[in-house]
Amino acid sequence: MKKILLLGDIHANYPALKAIQKYTKPDRFDRIVNTGDFTVYSTFPNETIQWFRERKKTISILGNTDRRILRILKGKKLKKPSKQEKRVMYFWTSENLLPENLKYLNSLPAQTGLTLGPFRIGVFHGTCDDADEELYPDAPEARFHQLAKDSPCQIHIMGHSHVPYHKVVDGVHFINPGSVGRMFDGDPRASFAILKISSEKIGVEHFRIPYPVKKVVKSLKKNRLPDIYTKMFQIGKKLN
Ligand SMILES: [Fe+2]
């Protein structure tokens, strides 16, 4: 049996990632899959990226926040988000990202895949069709049928919506581990999942664990970042 740790949407929340490390002992897994959004809204993009750089069994892709950081650092204009308070964190991250971590982000694909046993696994930020698509578990069934048809993968590991779920449509498994560092459902605890694959069986378990939010808050204050970020991490909700 293969065990895969599913992480995603960490959003530079290294204290949350460390809490998962303590809870799961990631080095015991056969793979660690990360669905992207390493960066933005917490202050630890370097520590977060470094964590993945140090581990050989990781498979990571870029998320939309990471792509925006890369665009800013190429000298391009930041179109979204439009709210000034949100833009602050993109510029702060761009200014504070270390060159070796920028190089690592630049080396990552927008989506990837792997084969484990008889299963082809796709790793997507949004969906196999669109990296920016937020696929919620209550999306129309027709959308899941279409995605099951559009990809040769039997397992889709996705992020972006920040909603943890596991749904099987037409024999295809759609799995979102939720967000490690920035939940939207009013529960600020870190979310992740464990995928277990044997020759014919697929098992998924989701977890929510507490982490020291105060470490994130302290660092936001030290760096004089907007108070709305503090609130977001404390209550586990979106900025708007
Ligand atoms: Fe995200």
Side-chain angles (χ1 to χ4, degrees), residues 2-13 16-17 20 24 26 29-41 48 52 57-68 105 108-116 119-185 187 189-197 202-208 236 238:
K2 301 280 184 201
K3 269 176 83 178
I4 308 165
L5 180 61
L6 306 183
L7 306 173
D9 294 285
I10 300 166
H11 289 284
N13 191 335
L17 181 60
I20 293 174
T24 60
F29 285 78
D30 296 291
R31 297 276 197 291
I32 302 167
V33 167
N34 170 21
T35 62
D37 275 4
F38 291 82
T39 58
V40 177
Y41 294 123
T48 300
F52 284 90
K57 291 184 254 173
T58 60
I59 294 164
S60 286
I61 58 168
L62 292 173
N64 53 302
T65 59
D66 309 320
R67 294 201 314 272
R68 281 182 195 147
L105 280 190
L108 295 179
Q111 58 170 257
T112 192
L114 64 148
T115 302
L116 274 186
F119 300 108
R120 179 80 194 143
I121 304 170
V123 184
F124 313 108
H125 188 63
T127 64
C128 58
D129 286 348
D130 178 0
D132 290 325
E133 179 177 357
E134 290 177 349
L135 186 70
Y136 294 100
D138 58 356
E141 284 294 299
R143 185 61 190 137
F144 284 95
H145 289 305
Q146 185 64 47
L147 291 166
K149 237 206 271 175
D150 287 351
S151 157
C153 298
Q154 293 88 41
I155 302 173
H156 293 222
I157 302 171
M158 310 163 302
H160 197 42
S161 71
H162 295 209
V163 178
Y165 67 94
H166 174 211
K167 195 171 163 121
V168 186
V169 178
D170 299 334
V172 175
H173 292 251
F174 294 90
I175 306 163
N176 192 319
S179 171
V180 168
R182 194 182 160 225
M183 284 302 290
F184 292 160
D185 61 1
D187 177 352
R189 292 178 301 165
S191 180
F192 67 96
I194 292 174
L195 169 64
K196 289 180 186 170
I197 295 180
I202 293 169
V204 181
E205 201 177 346
H206 285 87
F207 297 83
R208 295 295 281 274
K238 264 188 180 182

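The model shown is predicted, which means the values in this text are computed figures rather than measured ones. In what follows, residues are counted from 1 in the order of the sequence shown.
The cationic group of K167 does not satisfy the cation-pi geometry with F174, failing either the under 6.0 Å distance to the six-membered ring centre or the 45° limit from the ring axis.
Looking at every heavy atom in both residues, P26 comes nearest to L5 through CB-CD2, 3.8 Å. Across every non-hydrogen atom of T35 and G8, the tightest pair is OG1-CA, 3.2 Å. H173 approaches H166 most closely through the heavy-atom pair ND1-NE2, 2.8 Å. In terms of heavy atoms, D187 sits closest to M183 at O-CB, 3.4 Å. Contact detail for N176 and S161: the closest heavy-atom pair is ND2-OG, 3.1 Å. Between S60 and P109, the shortest heavy-atom contact is O-CD, 3.7 Å.
Proximity of L195 to I157: side-chain heavy atoms (C-beta onward) are separated by under 4.5 Å at one or more points. Looking only at side-chain heavy atoms (C-beta outward), D132 and R67 come within less than 4.5 Å of each other. The shortest side-chain heavy-atom distance between F207 and T24 does not fall under the 4.5 Å cut-off. L135 places none of its side-chain heavy atoms less than 4.5 Å from the side chain of H156.
A distance-only check finds a donor-acceptor pair linking the side chain of D66 to the backbone of G63 [under 3.5 Å]. Side-chain N or O atoms of R31 include none that pairs as donor or acceptor with a backbone N or O of L114 at under 3.5 Å. Between the side chain of D30 and the backbone N or O of I4 there is no donor-acceptor pair closer than 3.5 Å. In this structure a side-chain-to-backbone donor-acceptor pair under 3.5 Å is present from H162 to R182. Side chain of Q154 to backbone of P152: a donor-acceptor contact under 3.5 angstrom is found.
Ring geometry, H125 versus H160: the interplanar angle falls from 30° to 60°, so the pair is classed tilted.
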> Which is it for I194 and F29 under the side chain to side chain contact (heavy atoms under 4.5 Å, CB included) test, yes or no, and what are the steps along the way?
Replying inline: CA-CA 9 Å; I194 292 174; F29 285 78; 3.7 Å; yes
>> Please determine whether side chain to side chain contact (heavy atoms under 4.5 Å, CB included) holds for the pair F184 and D9, giving the CA-CA distance in whole Å, both sets of side-chain angles, and the decisive distance to 0.1 Å.
In response: CA-CA 11 Å; F184 292 160; D9 294 285; over 6 Å; no
>> Apply side chain to side chain contact (heavy atoms under 4.5 Å, CB included) to residues L108 and F38 and explain how you reach the verdict.
In response: CA-CA 11 Å; L108 295 179; F38 291 82; 3.5 Å; yes
> Under the side chain to side chain contact (heavy atoms under 4.5 Å, CB included) criterion, do C128 and L147 qualify, and how do the steps go?
Replying inline: CA-CA 7 Å; C128 58; L147 291 166; 3.7 Å; yes
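Put simply, NZ on K57 and CZ on F52 are 14.0 Å apart, with the number rounded to the nearest 0.5 Å. Rounding to the nearest 0.5 angstrom, the gap separating the CD1 atom in I61 from the CE atom in M158 is 11.0 Å. Within the model, atoms CZ of F119 and CD1 of I197 stand 6.5 Å from one another, a figure rounded to the nearest 0.5 Å. Note that CG of L62 is 11.0 Å distant from OG1 of T112, once rounded to the nearest 0.5 Å. Taking CG of N34 as the reference point, atom OG1 of T58 lies at 8.0 Å (rounded to 0.5 Å). Atom CD1 of I59 is separated from atom CG of L6 by 10.5 Å, given to the nearest 0.5 angstrom.
Side-chain contact of H145 with D170: a donor-acceptor pair under 3.5 Å is present, judged by distance alone.
Every residue two or more places apart in sequence or in another chain that forms a side-chain contact (heavy atoms from CB on, under 4.5 Å) with T65 is listed here: H11, D37, T39, V40, Y90.
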